[in-house]
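One is the number of the first residue; the rest follow in order along the sequence. Numbering of ligands and ligand atoms starts at 1, following listing order. The figures here come from the full heavy-atom set of this structure, side chains too, leaving out hydrogens, waters and symmetry mates.
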Amino acid sequence: MRRPWVGGNWKMNGLRADHEALLAGLQPLAQMTAVDLAVVPPAPYLAEISAQLAGSSLRVLAQTVSGHAAGAYTGEWSAAMLQDCGVAGALVGHSERRQYQHEGDAVVAAQFRALREAGLQPVLCVGETLAEREAGETLAVVSRQLLAVLESQGPEAFDHAVLAYEPVWAIGTGLTATPEQAQAVHASLRAVVAVFDASRAEALRIAYGGSVKAANAAGLFAMPDIDGALVGGASLDANEFLAICAAAQARVTG
Ligand code: PGA
């Protein structure tokens with residue numbers, strides 16, 4: 001059984017007082033030792049939240065990172081800077097970055113590589129738009145997004161990484177993929193990795209993201225290839241996030 005992974009992507013929400021209240025409400029997470037847990041705060045707060053959570057089981061991830069090592073890239077930050085600030089890793093390829101910052105597969109692969117080189121954990125997000133799903137292109141799109149990293153960096157690049165399947169049409173819309181829809185894509189993603197390395201494919205955690213909440217988490221986690229969740233909106237509510245993490249823990253402990 002793969003160890004579940006749950007991340008709370010706060011996106012561009014909350015000020016310091018909101019984050020403090022949220023983290024205070026998340027203290028029961030310390031008891032959930034069967035799950036890998038992460039929060040993904042907005043960039044200006046990463047260093048202080050990392051310092052605050054040092055020594056706890058809750059890891060801190062950034063929402064993005066530059067693929068460049070250093071230099072004249074105003075507004076960006078490097079993987080080494082994240083590492084220096086106590087941050088454990090970063091999301092790469094989130095659909096909002098792909099859409100609004102026009103980050104394509106090559107940029108995402110460079111970000112993934114930069115994180116690995118700094119010893120940090122990449123969480124690679126892949127997912128199709130509604131138009132792509134309706135055109136029957138779901139597997140082609142998510143495979144292309146995955147292969148951009150897999151072909152250039154090899155299956156070993158995923159040893160400490162998490163893959164997150166986030167259908168764009170399900171993000172922030174309240175339209176969750178059904179457990180069966182998500183399972184089908186997760187199994188296909190695992191099969192893509194298995195072409196390169198069957199045992200690494202078996203070990204890879206594939207989290208689902210897209211309107212995950214307390215009410216639908218257990219149904220998703222009941223699927224054999226859904227190893228956790230990347231949670232947006234519901235991660236801003238401590239009780240919702242706790243319930244989702246408890247459902248992930250129950251996947252292991254029964
Ligand atoms: P959502 O966001 O849970 O609000 O749909 C998920 C994400 O974008 O990671």
Side-chain angles (χ1 to χ4, degrees), residues 4-14 18-19 22 25-26 29 35-43 45-46 49 58-65 87-103 108 111-112 115 121-130 132-133 138 141-142 145-146 161-179 181-182 185-186 189 205-221 223 226-248:
W5 180 91
V6 180
N9 176 11
W10 298 353
K11 308 194 181 187
M12 198 173 77
N13 289 297
D18 305 302
H19 302 153
L22 183 52
L26 293 180
L29 290 178
V35 188
D36 285 340
L37 299 163
V39 290
V40 194
Y45 304 100
L46 285 169
I49 293 178
L58 196 51
R59 303 180 100 202
V60 179
L61 305 178
Q63 296 173 13
T64 186
V65 64
V87 177
L91 310 183
V92 298
H94 190 282
S95 65
E96 288 150 17
R97 301 289 308 175
R98 292 182 191 264
Q99 184 182 351
Y100 304 131
Q101 268 66 40
H102 312 291
E103 293 178 349
V108 174
Q111 295 168 333
F112 192 106
L115 288 167
Q121 180 179 49
V123 178
L124 173 64
C125 305
V126 301
E128 82 287 3
T129 63
L130 185 58
E132 289 163 343
R133 174 163 281 263
T138 298
V141 169
V142 298
Q145 292 170 335
L146 172 59
V162 171
L163 182 59
Y165 169 54
E166 298 206 302
V168 179
W169 49 271
I171 294 179
T173 58
L175 284 176
T176 322
T178 64
Q181 281 175 320
V185 177
H186 284 225
L189 288 167
R205 271 95 57 88
I206 309 180
Y208 168 80
S211 299
V212 176
K213 43 187 187 273
N216 58 29
L220 289 159
F221 298 153
M223 294 288 134
I226 302 183
D227 307 309
L230 181 54
V231 184
S235 74
L236 299 172
D237 178 323
N239 289 330
E240 278 283 313
F241 193 66
L242 285 172
I244 293 165
C245 296

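Under the salt bridge (charged side-chain N to carboxylate O under 4.0 Å, His left out) criterion, the residue pairs touching residues 205-219 are D36-R205, with sequence neighbours excluded.
The main-chain N or O of A88 is never found under 3.5 Å from a side-chain atom of Q121 such that the two would form a donor-acceptor pair. N239 places no side-chain N or O within 3.5 Å of a backbone atom of A214 that could act as its donor or acceptor partner. Distance alone, capped at 3.5 Å, is enough to place a donor-acceptor pair between the R98 side chain and the G93 backbone.
The aromatic rings of H186 and Y208 are tilted relative to each other, their planes meeting at an angle between 30° and 60°.
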For each nitrogen or oxygen atom of ligand 1, which protein N/O atoms lie closer than 3.5 Å, and how far apart are they, rounded to 0.1 Å?
{"from": "ligand 1", "atom 1": "2 (O)", "to": "K11", "atom 2": "NZ", "distance (Å)": "3.2"}
{"from": "ligand 1", "atom 1": "3 (O)", "to": "S211", "atom 2": "N", "distance (Å)": "3.4"}
{"from": "ligand 1", "atom 1": "3 (O)", "to": "G232", "atom 2": "N", "distance (Å)": "2.8"}
{"from": "ligand 1", "atom 1": "4 (O)", "to": "G233", "atom 2": "N", "distance (Å)": "2.8"}
{"from": "ligand 1", "atom 1": "5 (O)", "to": "G172", "atom 2": "N", "distance (Å)": "2.6"}
{"from": "ligand 1", "atom 1": "5 (O)", "to": "S211", "atom 2": "N", "distance (Å)": "2.7"}
{"from": "ligand 1", "atom 1": "8 (O)", "to": "K11", "atom 2": "NZ", "distance (Å)": "2.7"}
{"from": "ligand 1", "atom 1": "8 (O)", "to": "H94", "atom 2": "NE2", "distance (Å)": "2.7"}
{"from": "ligand 1", "atom 1": "9 (O)", "to": "H94", "atom 2": "NE2", "distance (Å)": "3.4"}
{"from": "ligand 1", "atom 1": "9 (O)", "to": "E166", "atom 2": "OE1", "distance (Å)": "3.3"}
{"from": "ligand 1", "atom 1": "9 (O)", "to": "E166", "atom 2": "OE2", "distance (Å)": "2.6"}

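Using a 3.5 Å distance cut-off with no hydrogens or angles, the side chains of H94 and Q63 do not pair a donor with an acceptor.
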